[in-house]
Amino acid sequence: MTLNIRVIAPDKTVWDAKAEEVILPSSTGQLGILTGHIPLLTALDIGVMRVRIDKEWQPIILLGGFAEIEDNNITILVNGAEDTSNMDIDRTQNNLEEATIALAEAKSSKDKIEATQNLRKARARIQAINVLNN
């Protein structure tokens, strides 16, 4: 038995496939979903969704949203998503360092919020690369 997973961003369908398992970055922590999961609606944080297909894990970076789980169907509505297939480890590490510095140097509340979001995205990219390299 499999899960039917659809990830929908405002501009396109990011993912539409079957999988054996999915781990979502919910706002309260990592949330693992297997077939037969009870119905659930949860908020998603910026982070990495991991999908297991044929015993291989594939990461997808989600930029916040909501997930609905019902009858082995997972519908995920996100603010945005990032493909992980062409990620460069050096560039990603540099982005993390730049985001860390930007947060430390942020003065206004608006700048701090924006820098925090950028840092969370950079951390998610590093996490995705780690999933790919394992």
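Residues V14 and I8 have side chains not in contact (no heavy-atom distance under 4.5 Å, counting atoms from C-beta outward). Using a 4.5 Å cut-off on side-chain heavy atoms (C-beta onward), P59 and M49 make no contact. When side chains are defined from C-beta on, M87 does not count as touching I89, because their heavy atoms never get closer than 4.5 Å. Residues W57 and I23 meet the side-chain proximity criterion, which asks for heavy atoms closer than 4.5 Å.
Q30 and V48 get closest at one heavy-atom pair: OE1-O, 4.3 Å. Looking at every heavy atom in both residues, T35 comes nearest to M1 through CG2-O, 3.4 Å. Closest of all the heavy-atom pairs between A99 and A122 is CB-CB, 4.3 Å. The heavy-atom pair separating K107 from K112 by the smallest distance is O-CE, 3.6 Å. Residues I126 and Q93 approach most closely at CD1-OE1, 3.5 Å, considering heavy atoms. The shortest heavy-atom contact between A19 and I53 is CB-CG1, 3.8 Å.
Interatomic distance, CD1 of I38 versus CD of E70, reported as 11.5 Å (0.5 Å rounding). In this structure, Q117 CD and L103 CG are separated by 11.0 Å, a value rounded to the nearest 0.5 Å. Atom CD1 of residue I46 and atom CD of residue E82 lie 9.5 Å apart, to the nearest 0.5 angstrom. For the atom pair CG of L34 and CD of E21, the computed distance is 4.5 Å after rounding to the nearest 0.5 Å. If you take CG on N73 and CD1 on I69, they are separated by 10.5 Å, rounding to the nearest 0.5 Å. Rounding to the nearest 0.5 Å gives a distance of 7.0 Å between CH2 of W15 and CD1 of I5.
Counting only N and O atoms by type, the side chains of R52 and Q58 include no donor and acceptor under 3.5 Å apart. In the model, T13 has no side-chain atom that pairs as donor or acceptor with a side-chain atom of D16 under 3.5 Å.
With hydrophobic clusters built from ILVMFWY side chains whose heavy atoms lie under 4.5 angstrom apart, L24 shares a cluster with V7. Both L31 and I74 are part of a single hydrophobic cluster, where members link through side-chain heavy atoms under 4.5 Å apart. The hydrophobic clustering, which links ILVMFWY residues whose side-chain heavy atoms are closer than 4.5 Å, places L40 and L62 together. Residues I129 and L63 share a hydrophobic cluster, clusters being chains of Ile/Leu/Val/Met/Phe/Trp/Tyr side chains in contact below 4.5 Å. No single ILVMFWY cluster, assembled from side-chain heavy atoms under 4.5 Å apart, contains both I61 and V78.
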Does T92 form a side-chain hydrogen bond (donor to acceptor under 3.5 Å, both in side chains) with N95? I'd like the steps, not just the answer. CA-CA 5 Å; T92 304; N95 287 344; 5.5 Å; no
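Atom CZ of R123 has 12 or fewer neighbouring heavy atoms from other residues, nucleotides or ligands inside a 6.0 Å radius. When the shell of 6.0 Å around CD of E97 is examined, it contains more than 12 heavy atoms from other residues, nucleotides or ligands.
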